[in-house]
Structure formats: C-alpha cells, structure tokens
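To start, the structure itself, in structure tokens.
All chains are named by letter (A, B, ...) in the order of the sequence lines, taking the proteins before the strands, and each is independently numbered beginning at 1.
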Protein chains: 2
Amino acid sequence: MANIREIAKEAGVSVATVSRVLNGYPYVREEKRNAVWEAVEKLNYTKNINAVHLAKGKTSIIGVMLPYVNHPYFGAILEGISKEALRHRYHLLLFQTNYDVEKELEALEMMRMKQVDGLIICSHVAGWNVIEEYKEDGPIVLCENVGDKDFLSVYIDHYESFAKALRYLIRKGHRHIGYCIGRTTGTNSKARETAYYDTLRQIGVEPRKEWIFDHCLYVEDGKRVIHQWMDLSEKPSALLVSSDQVAAGIVLWGRKEGVKIPDDLAIVSFDNHPISEPLQITTMELPLALMGTKAFRLIYHYIETGNIVKKKEKLPVRFMERSSV
Amino acid sequence: MANIREIAKEAGVSVATVSRVLNGYPYVREEKRNAVWEAVEKLNYTKNINAVHLAKGKTSIIGVMLPYVNHPYFGAILEGISKEALRHRYHLLLFQTNYDVEKELEALEMMRMKQVDGLIICSHVAGWNVIEEYKEDGPIVLCENVGDKDFLSVYIDHYESFAKALRYLIRKGHRHIGYCIGRTTGTNSKARETAYYDTLRQIGVEPRKEWIFDHCLYVEDGKRVIHQWMDLSEKPSALLVSSDQVAAGIVLWGRKEGVKIPDDLAIVSFDNHPISEPLQITTMELPLALMGTKAFRLIYHYIETGNIVKKKEKLPVRFMERSSV
DNA sequence: TATTGCATTGAAACGCGTTTCATACATTAT
DNA sequence: ATAATGTATGAAACGCGTTTCAATGCAATA
C-alpha cells in the first residue's frame, strides 16, 4: 500500500506538500495540488490513520466506560453520547466493564496510552483515588454526582429525585415504603439509599432492610420482586423502582397474580421509558440521553479549546404523575 | 512523557531489549530485565499505543456498524459482540449510521485506514457493490443473510421465520394478516416482505399494502399502529410484528382502547424480549446476542489465524407459543 | 579440538503522516 | 528604490514501538 512518500515521488513534490494538499492547507499551487490528487488516485492511496494518530498525538476517539451496553439506562446515555459524537466527527471506543475494576482500569490505561483523547465514565466501581491517578492523562467526565471531588461531571441528582418521589408517596399517605435498585454500591445507589434513610427518618418511620430489593435491572427482575413482595409477612404499600423496565415487570407480573396497582401496591419509577405510559406508571423522567450529550459536549469542548464552561452540571428531572400511586 | 529510547538509555540497554522486556519475550538476562522494569517505574513510562498500532499494522479494534445503538434489536447484537470482544481483549469502535450511507462509508473507510482490524455490519443501506470495494481492506462480517454474495455472515433467516409465523397464523384460521416493520428497505425487511407476499399468495390471499405498517421500532410506535388499525375500514385479524417492543405497545395501547387480544387482533411478534412473557405475546425468539457473539468469533478467528471455519452460519429461531393468537 | 547450536544483545530499518524551519520569489507598502 | 509581506516549497526532524539481522559469547555434541 502506497504511503505519502510514494505519492510525493509520483507527483514530483515533497511530502510536506502532499500533506498540505491532503489536509486542505493553503499555499500550494494549483498544478501541484492537482498532481497530488492524481497521484493519490493512481496509486489508490489512503492515509494510515495510526500514523496520523501518532504524529498528532490525538485520535478523535472518546472512550465510554459503562457496565453494560444493552441496559436501558446506559443504552440511553450511550445514545446521547453517540449522537453528539457523530455531529463532531468523533468516534467512540466502548469499554464494557461489567463493574469489574480490572476492566475499568483498562479503560483508564487506554487513555494514558493515548488510545482515546478523553473518557466518559457512565458508572464505575473503582475508588476515587484510582480514577484520580489518570487525571493528567486526559479529560474525564463522569455521569454522576461527584460532590466536592475535582472532576468534570454531568449528573442527575439521585438523592434529590429519590427523596422527592418518597415525599410524594408519603404525601399520598404511604408509610411503608420499599425500593428496588440495580446494585447497592456505586455513587448513584448510595445517594438513593441515603435519600431513603434520611427521608423516612424525617417522618419518624424506621426503614426496613427487607424492603430493599437489590439486583433489579431488567423486566424479569420485576417478576422476582413481586413474588418476593407477596411472600413478605409485612408488605410495603409502595415501592420506589429505579427503572421503568423493572416497574413494568412488577406491574405486569403483579397483574397476573391479582395484585392491584396502586391499591395493593403503589409504584413510583424512574426513566419515563415509553413502556411506562400505557402502563400508567408514575415515573420520574431522567434525561439520560441529554446527560450523554452534555457529557460529550463538555469533554469535546475541553479537548478542542482547553476551556471548561461548567465543571459540574446538574440536570433537571421531570415528574410524570400517572396512576400507579 | 518518556519513550522507549529514554527507557533504554536509563536502563543501559538497547531499545530492542526494552521492547523484548515490555512484551515478555525470552532471551533477556534477568539483570537487564530488572533494569528495564526499574527504568519504567522511575520514568513512569507508558507505551504510546498509536506507535504500537502503526508498527504492528493492527489495532485489536473491531468496528461495529449499526444504525442505532439504543434499539433493543441492535443493542442485543452489540451486547453479544461486546461480551465476546471482552473475552479476547479486543475493543469495539462504534459506528452509528442512522442508516446514512455517508456514515456507513466512513466506517468502511476507517477499516481501509487501519483504524480497525475488521468490521461487523449489523445493518446497512449501502449497496453490495459499495461494500465489496472494501473486501481487501479487512474482514467484514454481516449480521444478515447475504445469499450467494461472497461475504462472511452470521444470520437469522427472516424469510423462513416470517413465513413460519405467517403459516402459524393461517393455521389458526387467519386470512387477513398485516405486519409491522422497522423500515421497508434493507435485506432483512425485504426478506420479510417477500415472505409475506409469497406465503399469502400460496393460500390465494391477496396481500394488502395498507396492512403493512412501516417505521415500527419502539413501544410508542405500537400506539400509532393500534390507532391506525382501528381506523381501518377493513381490519386485518392478525398482525405480525417485527419487534416485541412494538408488540408490547400494540397490546398495551390496544387494551386501553378495549381491543381484545387475540379475539379482535392476534399478534405474533419477534425477539422474545422479557416484556413479551408477562404480556403473553406469542413470539419468535431471535438469538440476537448469540448472533453478535458468533459474528465476533468469526472475525476474530479469521484475524488471528487467517482461517474461516464457516463462511455463512444460519442461527435457529425458537417459537414461543403464548396466548396472543 | 572442531563444530553446531542456543542464548543474548544492539544497530538500524521500518511503519507513516505532521510540522517546523529555512529558503526563494513575488508583491505591496514606504 | 528599499523594506516589509505574503506565497510557495522542500529537507529534515518528530512522534514511537517493533522487528529483522548480524554479531558475540558460551555450552554442548561430534
């Protein structure tokens, strides 16, 4: 395969001139410009992009670290990132971690090795000190509330929205409230847990461990939850559900078991996935795609200009009141 | 940032030796090996992976071309690819095309430029002649039936499964059958269309254009479909739906309108997404994640060994009979 | 003792596009 | 007429790890 030097020889110019033509720089005479393009045609030349990356020291690739690619939550974030990356002619390198620290480290290492110009972390298990070590290797944007930590972040305030949903249930007369969550570790989950404990204690209700349902990610987990719920001797009258998929599972499998929503069990969920509308599930709309888009913009803007407009951005959550409460 | 030559100087060896140590090759004396690692520590050295890519002429990255990342169908394929890529320490570069030929070409060009070692095409609009031009630039695996064309492929026989579903409906006494599809172009969609026309004509029923519902991709499209269906003066008694998401939308929005499934309208869908189970939707389980996994394996095996075990592999579809017919 | 072979090691070439710097000529401004 | 700009172009350095090839040293086999 031809390289730029062969093109130069063929066109009777220097490699610098070829590079100029190829990249559309000025100061090349029309004839030479044509000669170069002709040589490119003739020798069927294509740039070796790895040489470009090496020479430029950048790749126009952003890494995306997420636990699962095909989860509605992360899929939506990814969609937002992807949409924006497309607009700016950037590419995305996927780092699926399955919440494995090793895999997370690998993504970070890839930035150190200049495989990617920056990294968007959708979720992680690695400690802050670990991530901090890679700060000098490139911009990192997190899709979670990083608190005081010195990181770029675009996030949804899960403490606030969880507390808001809880207060709504309380206002509706519920005192026995449980919740479903994807996992119990992680910033977002911890925020929700804290909101749960804080809010219930504020009204003098003792939170119950057995009303917390872990590992709730997909529709099928809703089936498990509703059965577990039915087996409880003391049942919560309301559930906060961290994902519409799980809520849909709970509602649909509950129906089959004769569980009346909201009379037997009230539900407030999160996401506002289209499935929640026909099921009349009251849900908090999370701007996931927007979060992805903004995360990309932040990192992109930093890479291209070196400036940061807003280090941390909190995105608004919209409450969609329907009839599952 | 230090490079390999500085490490060599610091450790008092040649760059070749440093490279040997870094890559775990034999024939390096213990002392030198240690000296290299110490220099690496001391200078806080990391490889520049772009230089590696350039030197090796490969990147261990596979490109994935798909129209939308957050669609259940493609998400499932992507998950399968990702899982397998993880096992083999390969990375994935995402090319979201939105079914735009320009974007598809970009993905193909990226392979030519050696950005990726191979390309998995989940779906495309570009013509075969276009794709064919890139055959020499690296292995391409398609997730669709490529017929006689000389491409690697792992696929679901959509003609067969669509025809099978149709015959099932016919056996159940339906004569007025329509269908919902994501788009009308594309190999898979054409296969389904052909199956529809062929099968209906076999039983002497004239297919009807107005019973074909295009642009059905997500839950919310089901809402549109059920309303369109209700507005028809002559209604089909059964619908084949190319995605469980859409079917769920049809069933759920239909319920709200008092449409009885299957009495007013029978449904056979595709995917066997977990949502279809509590909704009792009869569905054809498509092994999407498996397709992704196998596509990756095929391309991986070719890259690593130069061998192809099976050029084209058809994956089995499982019929999940429930009560929506 | 002569020969074969393996273990070690480094110089140099290789993969290849970008960018800087010096040079040379053509204009325009003073 | 002279200085100051602007246009045009190429040589060479730069980014950096991999790999080949020749060479050296030493041990084992003939």
Side-chain angles (χ1 to χ4, degrees), chain A residues 1-40 43-61 109-117 137-138 304, chain B residues 1-37 39-40 43-61 109-117 137-138:
Chain A
M1 179 117 278
N3 62 35
I4 200 172
R5 278 160 239 272
E6 292 179 49
I7 300 298
K9 198 182 293 174
E10 176 71 28
V13 299
S14 71
V15 291
T17 297
V18 177
S19 181
R20 285 190 194 100
V21 174
L22 258 27
N23 295 296
Y25 294 146
Y27 303 140
V28 179
R29 226 194 300 280
E30 191 69 18
E31 318 130 50
K32 303 221 172 190
R33 199 173 285 279
N34 292 145
V36 168
W37 284 121
E38 271 165 35
V40 166
L43 302 184
N44 191 26
Y45 168 78
T46 314
K47 272 190 196 178
N48 181 323
I49 207 155
N50 295 130
V52 178
H53 290 341
L54 175 61
K56 289 206 166 168
K58 79 179 285 267
T59 58
S60 295
I61 298 175
E109 281 295 331
M110 279 301 176
M111 183 162 71
R112 180 163 287 173
M113 294 197 273
K114 299 180 186 297
Q115 167 75 266
V116 296
D117 296 341
D137 301 306
E304 298 283 321
Chain B
M1 179 116 281
N3 62 35
I4 201 172
R5 279 160 238 271
E6 291 180 49
I7 299 297
K9 199 182 291 174
E10 176 71 27
V13 298
S14 71
V15 292
T17 298
V18 176
S19 182
R20 284 189 195 100
V21 174
L22 258 28
N23 294 296
Y25 294 145
Y27 304 139
V28 179
R29 229 193 294 282
E30 189 69 16
E31 317 130 51
K32 302 221 173 190
R33 199 172 284 279
N34 293 144
V36 168
W37 283 122
V40 166
L43 301 183
N44 192 26
Y45 168 78
T46 315
K47 272 188 195 178
N48 181 323
I49 208 156
N50 294 131
V52 178
H53 291 342
L54 175 60
K56 289 205 165 167
K58 81 179 283 265
T59 59
S60 296
I61 298 175
E109 280 295 332
M110 278 300 174
M111 184 162 71
R112 180 163 287 174
M113 294 198 270
K114 299 183 187 297
Q115 167 78 265
V116 296
D117 296 342
D137 301 306

Side-chain atoms of residues 10-17 of chain A: list all donor-acceptor pairs with protein atoms under 3.5 Å, sequence neighbours left out, distances to 0.1 Å.
residue : atom : partner : partner atom : Å
E10(A)  : OE2  : K42(A)  : NZ           : 2.9
S14(A)  : OG   : A16(A)  : N            : 3.4
S14(A)  : OG   : T17(A)  : N            : 3.3
S14(A)  : OG   : T17(A)  : OG1          : 3.3

For chain B, the stretch of DNA chain C it reaches, first to last nucleotide, under 4.0 Å of its heavy atoms: dA7(C) to dC16(C)
Contact letters for nucleotides 23-28 of chain D, in which S counts primed atoms plus P, OP1 and OP2 and B counts the base, heavy atoms under 4.0 Å: ------
Upstream residue (5' side of DNA chain C) when V52(A) and R5(B) are each assigned their closest nucleotide: R5(B)
Pairwise 5' ranking along DNA chain C for T17(B) and A55(B), keeping only the more 5' one: T17(B)
CA sep, side-chain torsions, deciding dist, call: W37(B), L22(B), side chain to side chain contact (heavy atoms under 4.5 Å, CB included): CA-CA 8 Å; W37(B) 283 122; L22(B) 258 28; 4.1 Å; yes
Partners passing side chain to side chain donor-acceptor pair (under 3.5 Å) against E109(B) (at least two apart in sequence or in another chain): Y134(B)
Residues that E31(A) engages under salt bridge (Lys or Arg N to Asp or Glu O under 4.0 Å), provided they are two or more places apart: R29(A)
Which residues share a salt bridge (Lys or Arg N to Asp or Glu O under 4.0 Å) with K58(B), sequence neighbours left out: D117(B), E304(B)
How many angstroms lie between atom [atom1] of [X] and atom [atom2] of [Y], to the nearest 0.5 angstrom?
| X | Y | atom1 | atom2 | result |
| --- | --- | --- | --- | --- |
| I61(B) | I49(B) | CD1 | CD1 | 7.5 Å |
| N3(A) | K9(A) | CG | NZ | 9.0 Å |
| K114(B) | R112(B) | NZ | CZ | 11.0 Å |

side-chain hydrogen bond (donor to acceptor under 3.5 Å, both in side chains) pairs, two or more places apart, involving residues 43-56 of chain A: N23(A)-K47(A), H53(A)-Q115(B)
Sugar-phosphate only, base, or nothing, as touched by V13(A) at under 4.0 Å among non-hydrogen atoms: sugar-phosphate
Angle between terminal axes - the helix from dT1(C)-dA30(D) to dT30(C)-dA1(D), 5 pairs each end, rounded to 10°: 30°
Considering all heavy atoms, the nearest V18(A)-I7(A) contact: CG1-CG2, 3.8 Å
Nearest atoms (heavy-atom pairs only) where R20(B) meets V28(B): CB-CG2, 3.7 Å
Neighbours of DNA chain C within residues 19-27 of chain B, by heavy-atom distance under 4.0 Å: R20(B), Y27(B)
